[in-house]
Amino acid sequence: MDKTYQPKNIERKHYERWEREGRFKPQGGDEAFCIVIPPPNVTGTLHMGHAFQDTIMDTLTRYQRLRGVNTLWQHGTDHAGIATQMVVERQLNAEGLSRRDLGRDAFVERVWDWKAKSGGHINGQLRRMGASVDWSRERFTMDDGLSAAVRDVFIQLHEEGLIYRGKRLVNWDPVLHTALSDLEVLSEDEQGSLWHFRYPLADDSSNGDETHLIVATTRPETMLGDTAVAVHPNDERYQHLIGKHVRLPIVDRLIPIIADDYVDPEFGTGCVKITPAHDFNDYEIGQRHNLPMINVLTDDAAINDDMPADYRGLDRFDARKKIVAQVETLELLEKIEPHTLKVPRGDRTGAVVEPYLTDQWYVKIAPLAEPAIAAVENGDIKFVPENWSKTYFDWMHKIQDWCISRQLWWGHRIPAWYDDNGNIFVGKDEADVRAKHNLSDDVNLRQDDDVLDTWFSSALWPFSTLGWPEKTQELDSFYPTSVLVTGFDIIFFWVARMIMFGLKFAGDVPFREVYIHGLIRDQDGQKMSKSKGNVLDPIDLIDGIDLESLVAKRTTGLMQPHLAPRIEKATRRQFPEGIAEFGTDALRFTFASLATTGRDIRFDLGRIEGYRNFCNKLWNASRFVLSTTETLDDNQSAEADDSLSGRWIRARFDHMVATVDRQLARYRLDLAAQAIYEFTWHEYCDWYLELSKATLYDDDAQAHAKQATMRTLSRTLEGLLRVMHPFMPFISEEIWQRVAPVAGVAGDSICDTVWPQANPANHDPSVADDMQWLQTFVLGVRQIRGEMDIAPGKALDIILVDASADDRARFAANKKLIMKLANLADADFLPAGDSEPPSATAMHGEMKICVPMAGLIDVEREIERLTKQLGKSQADLAKTQGKLSNASFVERAPADVVATEKQRAQEHQQQIELLEAQLDALAKLESNDPA
RNA sequence: GGGCGAUUAGCUCAGGGGUAGAGCGCCACGUUGACAUCGUGGAGGUCGGUGGUUCGAAACCACCAUCGCCCACCA
């Protein structure tokens with residue numbers, strides 16, 4: 001083995017072999033475990049969020065697989081309608097073409113080409129992450145099977161009246177020329193203005209003094225479509241005007257003054273212009289009052305040809321300026337106030353979205369939402385952490401009908417056909433429609449141009465990927481799936497819709513649990529984004545990247561090129577040496593360690609470096625184990641190490657495994673990882689491995705003792721590798737293949753092993769006590785050494801004073817171990833009657849471990865050291881006595897707590913006496929010292 | 001306007017009614033036969049604030065402060 005851990009030498013070969021040997025396929029077993037991957041966009045690349053999420057899913061999957069459970073991690077990709085179409089359109093634009101130049105069929109073909117060309121990229125990256133998805137079952141949302149599922153669902157919902165077509169106000173993206181669902185619209189505060197316009201009262205409505213009403217608006221250009229002015233029904237100022245009319249400026253149309261509760265009399269002037277075709281509230285008011293709806297815009301959000309000639313074809317924002325100017329010219333501009341308002345933008349294009357009147361398809365959601373709410377309420381589905389269910393409920397309880405049609409070309413085309421009279425027929429295809437409705441061939445049919453929202457097919461993912469609507473073996477075995485691992489950002493987009501559709505079509509919940517993880521942010525808590533230039537590529541963390549390449553990567557292809565210098569500067573400051581190669585296992589272990597219950601996760605490079613070091617530690621411990629084995633005979637026949645340390649490490653191993661089991665069951669990968677780290681470094685390496693040297697390097701030790709030590713050393717490591725494997729698949733496999741033969745375990749791959757089971761025989765409290773005694777002894781000597789700056793290489797002579805029979809027995813039993821770990825040259829009990837030499841002292845219960853000073857130790861420093869300890873003991877005693885002197889504590893606290901406290905007081909008291917005596921002796925020594 | 005979360009060591013974060021934990025960083029010593037991507041020892045926190053519950057609160061409750069996120073139609 002190399003002296004240092006080199007991840008790049010080991011990762012690919014193992015993955016290729018696992019995949020070749022089909023190790024990720026379901027392998028039987030009565031119990032089943034299934035995760036469906038949240039399908040990444042087919043043309044996407046792996047980002048930190050994916051890498052994190054995939055690590056969690058892979059760890060859970062490999063864990064279950066090792067446990068002998070029939071395990072499937074179902075993989076696939078999403079066609080991502082809008083995102084993919086935009087990518088390809090951008091390419092076309094670069095060639096000076098638009099999708100309309102190509103036409104629909106050619107364009108869609110071109111997207112398929114693009115998918116074929118770049119669709120595999122993220123799969124390659126998933127392999128680098130070690131993801132053990134079953135590649136043989138990979139699906140794509142536009143596969144034939146999945147598309148058929150989409151059609152079936154659409155048809156059934158339509159037949160049940162749960163899908164309908166209607167002319168409604170929708171969120172219109174004027175760049176993409178498509179409707180968006182509410183969820184695809186993001187509203188941010190932006191600085192705008194509130195324009196106050198005077199709307200003159202109609203002649204018969206004014207009464208001398210009163211000549212106009214003042215309305216306030218943030219969207220002046222929509223006034224062209226105003227069909228009323230509304231006031232609050234109880235607003236005294238305007239009572240007398242309700243039912244009268246104003247004359248709409250510019251357009252010169254008479255519009256009524258109506259009364260509606262919606263109006264807040266406190267805001268602005270208490271008069272609201274009503275534009276039913278361009279505002280969601282106004283739309284509802286328009287419905288209530290039977291107002292006409294006047295559309296003023298085109299698909300591009302320019303003023304349409306029904307409007308006054310001066311405005312036709314003007315972009316909405318140019319029209320706004322012109323309207324304001326004209327209103328001012330007409331002396332109807334009361335004032336302009338600065339105003340902060342929410343501006344709705346499309347989540348993909350960033351374009352300001354317009355409420356726009358169009359024909360769209362909708363899912364009637366309430367009947368689907370009801371059982372979906374119940375499933376979470378009654379515990380059929382559990383959110384982890386639990387409080388996300390509240391977020392889910394909040395949204396589900398006020399859920400609106402879902403607009404599912406998109407005016408795109410890339411996606412599942414809506415299976416609806418129209419005849420020349422506008423009748424709608426829904427079916428699998430044209431032939432099916434004709435057959436179902438007895439339409440003869442001379443009836444002209446035209447398929448709906450729209451495609452479905454991508455999330456419509458995503459909603460079917462847990463069952464469509466398993467073969468639905470066919471009744472497959474996979475559905476039978478794996479549905480409902482075990483757990484969905486996802487971020488909170490798509491609870492509404494995806495999780496809720498899967499629950500609704502799963503219950504409706506697959507007859508059960510799609511998953512038993514939903515594990516919601518946090519979002520990966522950068523080290524400052526900023527969201528990672530290209531425009532901020534703070535993106536880390538998981539693959540760069542695995543392979544490393546030099547500074548120049550990193551700078552180039554972060555500064556090319558920016559939407560706002562002017563940010564490049566700033567990004568470059570920040571990157572050079574943060575990564576003066578570029579990014580080192582950490583390897584997949586270190587990255588995965590970092591993600592596991594960060595997988596806490598919080599929402600945000602700051603990705604700190606220090607952590608991954610630490611876990612790379614951890615890998616190296618494991619690597620070298622394994623080198624030690626293997627190199628030692630070489631020098632020994634075959635140890636297969638040897639009994640396990642039955643000494644104190646051997647029994648102790650086995651007990652600690654069991655304890656660690658139990659912790660990992662417990663924490664994985666509750667998705668606390670961080671605590672599971674911590675238990676592995678702690679055991680590996682601080683128990684196995686720091687103690688057992690060092691203790692083993694006392695036997696292995698001891699010329700006097702019996703051969704069978706060495707064999708036994710060797711056996712426990714190698715078997716513990718082998719078991720540890722199995723526990724590590726779900727977290728760090730590569731390094732565990734690499735080392736396992738070398739260690740397994742030594743540990744007497746057969747198999748070609750660590751994937752063939754089974755998860756370790758605790759052995760109750762390993763639990764012996766006396767072992768823990770004895771080991772604790774040994775550790776305290778060694779630590780006592782080390783502390784003197786450390787605080788006195790005695791070189792670690794200097795072997796010490798010590799004298800043990802006031803040792804009890806117990807101490808003597810324990811010392812005798814473990815003398816060689818202690819001598820080795822504390823690096824002692826000699827250790828003797830003080831003969832009865834002798835007085836102890838001047839020493840630095842460690843208290844071990846009632847026993848004193850004395851390091852004679854002779855030439856080594858400074859009296860003053862020892863006094864200082866013990867005084868510090870004394871102070872601490874005194875403070876502790878005071879605290880304990882404070883409690884014990886409190887009558888109600890003694891009376892009301894549980895007996896065992898009081899007993900513990902009493903014992904503590906006694907121990908502190910004893911420590912204090914010993915320390916005081918020792919300090920006394922040192923003080924005398926010092927005063928006698930002529931120096 | 002509703003809802004959720006956070007506030008613990010210099011930094012990143014666990015924990016949780018019974019004497020405050022980890023990793024990184026820091027200080028000192030050290031190249032002893034797995035590992036300097038290391039070893040040994042050490043320093044460092046009145047657990048955001050104020051009240052309350054309790055024998056006991058960093059933990060539970062209330063309020064407050066600061067920060068963050070989600071949802072919502074105030075023109």
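In the text below, chain A, chain B and the rest are named by the order of the sequence lines, each starting its count at 1. Values in this document were obtained by computation on a predicted structure and should not be read as measured data.
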Is [X] touching bases, backbone alone, or none of the nucleic acid, heavy atoms closer than 4.0 Å?
X      : result
A/Y677 : sugar-phosphate
A/L594 : nothing
A/V215 : nothing
A/C615 : nothing
A/K527 : nothing
A/G780 : nothing
A/T217 : sugar-phosphate
A/R904 : base
A/D876 : base
A/K3   : sugar-phosphate
A/R865 : nothing
A/F267 : base
A/W195 : nothing
A/D264 : base

Check this one for me: any side-chain N or O of [X] less than 4.0 Å away from OP1 or OP2 of [N]?
X      : N      : answer
A/Q783 : B/rG42 : yes
A/N613 : B/rC38 : yes
A/R892 : B/rC55 : yes

Do [Y] and [X] meet the salt-bridge criterion of a basic N to acidic O distance under 4.0 Å?
X      : Y      : answer
A/D524 : A/R602 : no
A/E734 : A/R738 : yes
A/E862 : A/R865 : yes
A/E907 : A/K902 : no
A/E354 : A/R219 : yes

In whole angstrom, what separates [X]'s [atom1] from [N]'s [atom2]?
X      : N      : atom1 : atom2 : answer
A/H397 : B/rG3  : NE2   : C1'   : 14 Å
A/Q400 : B/rA72 : CD    : P     : 9 Å
A/K617 : B/rU37 : NZ    : P     : 12 Å
A/M396 : B/rA72 : CE    : P     : 15 Å
A/Y611 : B/rC35 : OH    : C1'   : 19 Å
A/D896 : B/rG17 : CG    : C1'   : 13 Å
A/D686 : B/rC35 : CG    : C1'   : 11 Å
A/F383 : B/rC4  : CZ    : C1'   : 14 Å

Would you mind pulling out the nucleotide paired to [N], Watson-Crick or G-U wobble, both distances under 3.5 Å?
N      : answer
B/rC67 : B/rG5
B/rU31 : none
B/rG23 : B/rC11
B/rC73 : none
B/rA62 : B/rU50

5′-ward residue of the pair A/K390/A/T880 relative to RNA chain B: A/K390

Residue closer to the 5' end of RNA chain B, A/D182 versus A/W681 (nearest nucleotide): A/W681

Can you tell which of [options] lies closest to the side chain of [X]?
X      : options                : result
A/T596 : B/rA14, B/rA75, B/rC4  : B/rA14
A/K398 : B/rC71, B/rC38, B/rA75 : B/rC71
A/K879 : B/rA20, B/rC55, B/rC73 : B/rA20
A/D789 : B/rA34, B/rA75, B/rC29 : B/rC29
A/S888 : B/rA43, B/rG23, B/rC55 : B/rC55

Can any side-chain N or O of A/H682 pair as donor or acceptor with the backbone N or O of A/E678 at less than 3.5 Å? no

Atom [atom1], compared across [N] and [M]: separation rounded to whole Å:
N      : M      : atom1 : result
B/rA20 : B/rU8  : C1'   : 9 Å
B/rU37 : B/rC70 : C1'   : 42 Å
B/rU40 : B/rG25 : P     : 15 Å
B/rU31 : B/rG21 : C1'   : 32 Å
B/rG23 : B/rC67 : P     : 33 Å
B/rA36 : B/rC60 : P     : 45 Å
B/rU12 : B/rG52 : P     : 33 Å
B/rG18 : B/rC26 : P     : 34 Å

Looking at A/F624, I'd like to know if the NZ or CZ of A/K693 sits under 6.0 Å from its six-membered ring centre while staying within 45 degrees of the ring's axis. yes

Geometric cation-pi criterion A/R782 and A/W687, 6.0 Å radius, 45° cone: yes

If stacking means aromatic ring centre less than 5.5 angstrom from the base's six-membered ring centre, planes under 30°, is A/Y697 stacked on B/rG33? yes

Is it the case that [N] (base atoms only) and [X] (side chain only) share a donor and an acceptor within less than 3.5 Å, ignoring hydrogens and angles?
X      : N      : answer
A/R602 : B/rU12 : no
A/K693 : B/rA34 : yes
A/E690 : B/rA34 : yes

For A/T900 and A/Q903, test the side chains for any donor-to-acceptor distance below 3.5 angstrom and give the result as yes or no. no

Tell me whether A/Q906 at atom CD has more than 12 heavy atoms from other residues, nucleotides or ligands lying less than 6.0 Å away. no

